[in-house]
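As the structure is a computational prediction, the values presented were derived from the model and not from experiment.
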Amino acid sequence: MNIETISSAPYDDQKPGTSGLRKKVTVFQQPHYLANFVQSVFDSLEDCNGKSLVLGGDGRYYNRDAIQIIIKIAAANGFNELIIGQGGLLSTPAASHIIRKNKAYGGLILSASHNAGGPTEDFGIKYNISNGGPAPEKYTNDFFKRSLEITEYKLAEIDDVDLDTQGEFDLEGLKIRIIDPVTDYAELMASIFDFDLLKQALSSGYISMCFDAMHAITGPYATRILEEILGAPAGTVINGIPLEDFGGGHPDPNLVHAKELASLMFTADAPDFAAASDGDGDRNMVLGANIFVTPSDSLAIMAANAQHIPAYSKGISGVARSMPTSQAVDRVAAALNLPCFETPTGWKFFSNLLDADSITLCGEESFGSGSNHVREKDGLWAVLFWLNLIAKRRQSVEDIVHEHWQQFGRDIYSRHDYEAVDNEIANGIVNHLRELLPSLTGKSFGEYTVSYADEFCYEDPIDKSISDQQGIRIGFENGSRIIFRLSGTGTVGATLRIYLEKFSKEADAHTQEPQQALAELIELAEQFCEVKQRTGRIEPTVIT
Ligand code: G16
């Protein structure tokens, strides 16, 4: 195989964020931009020679072009096997599983997750290590460092690979396997959940449901599993064909971007259950007739009900949540005497705990939940968990949630996002908050007395690595919290996230509307961070 060495110059903006490098497609299309980053990753890894690499993405615009470039760079860097999803497609959780199942060295996953796709929208790339999980910070720091020094990359002189035909072939010593993206993942799901029970429930109509794939990667996965294997009626999966621009939509499963589905669930025609997933298939939104389940509650309910799911029926080792996720799961852990961990935002922080079997289930407020079956959050897994639970408990989603609140109390929760804020203003807000923190403890604001005010710093319990500046926390004596963070996944300006949480054990907790119940905290948050005053905005861009 002939290998060319291409001269290049570093870009200074290739620092991976919360989940890999995410930029506008036009940024990735700059000369050598993608190649520089991929070569920086390979240079930072110990030795790629003779190793196996998994490759796939969510099918968004530029996915196919990127895969052809990566194949040539991977071949030139000595990998001897590439496992690629047919059509260049692999959901993020499926890629994680395929890395683990094949004991691959790692994988490159192409996605900008829930961000919009298309020629003027977003693209992304991230490296996952051999445990199937996103590269930890010590890796991503090295990737960035290398990207600032890079002067050349290697490219194999080979033809483009036919991504659309499954099979295995040899390309001048490089083994290429084009695999069905769904089969392995579907088998994994069948090993976790009670597929016989689910078949009965879905094919008999005992559970009626709608799954919105948002024209993103879960379309083929959901159609195969829900309709073809479990027998849900054709049409259960809507927007099931992955499109390069997600049909012009925003593949973010929340109350704003999956509004149609959410509205349907509050009408007389609502099915029993509805769910949606995001661009790369790792997020989930879950709804029942008349009820939206917040991701934080979903995690808590999963933890409290894990014994109903075959794979977890013998018990779970512990649970974890990201810091801004509500404390609902903590209450379950306390009641069940389970270890409970609080990690920074970013799925990569769960991997060590999962590898050490310190936890079995974990989740985040950002519509993510998962377990030790892979090292990524998993949208369809969460959907199957809920279906299995409804079928087993023979109760509606609303009843399951209300019973949970009755037993544990309710963490009323909301997140307010201010997107595309000028970077200088956003940094000004964070600095202002940092200055404010030392003066807050002990101060009262109406019924809220501050019990702690700090910046979250995490020490990984397994490898003892430290991650600081992971969000500003203001906790109150009544258990309420306000958290402020700048997102690490946006591509335009800065996104300020304000997370609001109030615990209620009142009998009417289940009827409380979150924005009303949180009104005082929302005002306090503005008093602290001054986002409206500093940006001139009158309301958040997105409220979930
Ligand atoms: C990624 C990470 C998640 C994180 C989310 C939001 O999800 O994997 O752990 O919670 O981003 O992060 P931020 O608040 O920094 O924007 P995804 O689905 O985008 O890969």
Side-chain angles (χ1 to χ4, degrees), residues 18 252 254-257 292 294-296 322-328 344-345 364-367 410-456 469-490 492-504 506 509 512-544:
T18 308
D252 196 355
N254 60 34
L255 296 176
V256 176
H257 295 299
F292 158 66
T294 70
S296 298
S322 67
M323 183 273 282
T325 303
S326 97
Q327 300 159 96
T345 294
E364 295 188 277
E365 51 66 39
S366 55
F367 294 83
R410 177 182 178 192
D411 289 85
I412 302 170
Y413 189 84
S414 182
R415 186 176 98 185
H416 289 199
D417 293 340
Y418 290 82
E419 293 177 356
V421 175
D422 176 80
N423 278 314
E424 219 170 291
I425 296 180
N427 290 329
I429 290 173
V430 172
N431 288 335
H432 166 69
L433 283 166
R434 282 190 181 126
E435 281 164 22
L436 204 61
L437 288 177
S439 65
L440 287 180
T441 307
K443 270 200 186 149
S444 294
F445 304 87
E447 60 173 295
Y448 295 94
T449 303
V450 177
S451 64
Y452 61 89
D454 63 11
E455 198 162 10
F456 184 51
Q469 302 198 330
Q470 296 295 325
I472 285 167
R473 313 189 284 189
I474 301 175
F476 300 92
E477 283 176 1
N478 58 12
S480 300
R481 296 193 307 169
I482 304 175
I483 315 282
F484 302 92
R485 265 188 77 245
L486 293 184
S487 155
T489 56
V492 181
T495 295
L496 176 71
R497 301 205 195 284
I498 306 176
Y499 310 82
L500 305 137
E501 173 182 4
K502 177 184 176 175
F503 180 63
S504 172
E506 304 301 314
Q512 295 191 33
E513 197 284 316
Q515 302 311 313
Q516 275 170 19
L518 296 167
E520 270 182 84
L521 284 174
I522 293 169
E523 263 178 44
L524 263 183
E526 173 60 20
Q527 191 178 320
F528 294 147
C529 80
E530 303 174 350
V531 60
K532 288 184 182 149
Q533 188 191 317
R534 288 171 184 244
T535 59
R537 310 252 179 122
I538 50 167
E539 57 183 11
T541 324
V542 178
I543 295 180
T544 47

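Closest of all the heavy-atom pairs between Phe476 and Ile482 is CE1-CG1, 3.8 Å. Taking both residues in full, the closest heavy atoms of Leu521 and Ser480 are given as CD1-CB, 4.0 Å, listed atom of the first, atom of the second, then distance. Minimum heavy-atom separation, Leu437 to Arg473: CD2-O, 4.4 Å. When every heavy atom of Ile522 is checked against every heavy atom of His416, the shortest pair comes out as CD1-CE1, 3.6 Å. What you find for Asp252 and His257 is that their closest heavy atoms are O-CB, 3.1 Å. Residue Thr441 comes nearest to Ser451 through the heavy atom pair CG2-O, 3.5 Å, listed as atom of the first residue, atom of the second, then distance.
The structure places CG of Asp454 at 12.0 Å from CZ of Arg434, a figure rounded to the nearest 0.5 Å. We find the CD1-CD distance between Ile483 and Gln470 to be 12.5 Å, quoted to the nearest 0.5 Å. Note that the OG1 atom of Thr449 and the CG atom of Leu440 stand 12.0 Å from one another [nearest 0.5 Å]. Put simply, OG on Ser326 and CZ on Phe503 are 10.0 Å apart, with the number rounded to the nearest 0.5 Å. Note that CD of Gln469 is 13.5 Å distant from CZ of Phe456, once rounded to the nearest 0.5 Å. The CG atom of Leu433 sits 4.5 Å away from the CD1 atom of Ile472 when rounded to the nearest 0.5 Å.
Scanning for side-chain hydrogen bond (donor to acceptor under 3.5 Å, both in side chains) contacts around Ser322 gives Thr325, with sequence neighbours left out. Judged as a side-chain contact (heavy atoms from CB on, under 4.5 Å), and not counting sequence neighbours, the contacts of Thr294 are Phe292, Ser296, Asp297. Taking Glu501 as the reference, Gln327, Arg481 meet the side-chain hydrogen bond (donor to acceptor under 3.5 Å, both in side chains) condition, with sequence neighbours excluded. Scanning for side-chain contact (heavy atoms from CB on, under 4.5 Å) contacts around Thr18 gives Thr345, Arg485, Thr489, with sequence neighbours left out. With sequence neighbours excluded, the residues that form a side-chain contact (heavy atoms from CB on, under 4.5 Å) with Glu520 are Glu447, Tyr448.
Counting heavy atoms from C-beta on, the side chains of Leu255 and Ile543 never come closer than 4.5 Å. You'll find the side chain of Arg415 reaches within 4.5 Å of the side chain of Ser366, heavy atoms only. Considering only heavy atoms from C-beta on, Leu496 comes within 4.5 Å of Leu486 through its side chain. In this structure the side chain of Pro540 never reaches within 4.5 angstrom of the side chain of Asp417, judged on heavy atoms.
The number of heavy atoms from other shown groups lying within 6.0 Å of CD (Glu424) does not exceed 12.
Checked by atom type, the side-chain pair Ser487/Arg497 shows a donor-acceptor distance below 3.5 Å.
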Throw together a table of side-chain donor-acceptor distances under 3.5 angstrom for residues 525-535, partners on residues two or more places apart or in other chains.
unit_1 : atom_1 : unit_2 : atom_2 : d
Glu526 : OE1    : Val531 : N      : 3.3
Glu526 : OE1    : Lys532 : N      : 3.0
Glu526 : OE2    : Lys532 : N      : 3.1
Glu526 : OE2    : Gln533 : N      : 3.2
Glu530 : OE1    : Arg534 : NE     : 3.0
Glu530 : OE1    : Arg534 : NH2    : 3.1
Thr535 : OG1    : Val531 : O      : 2.6
Thr535 : OG1    : Arg537 : N      : 3.2

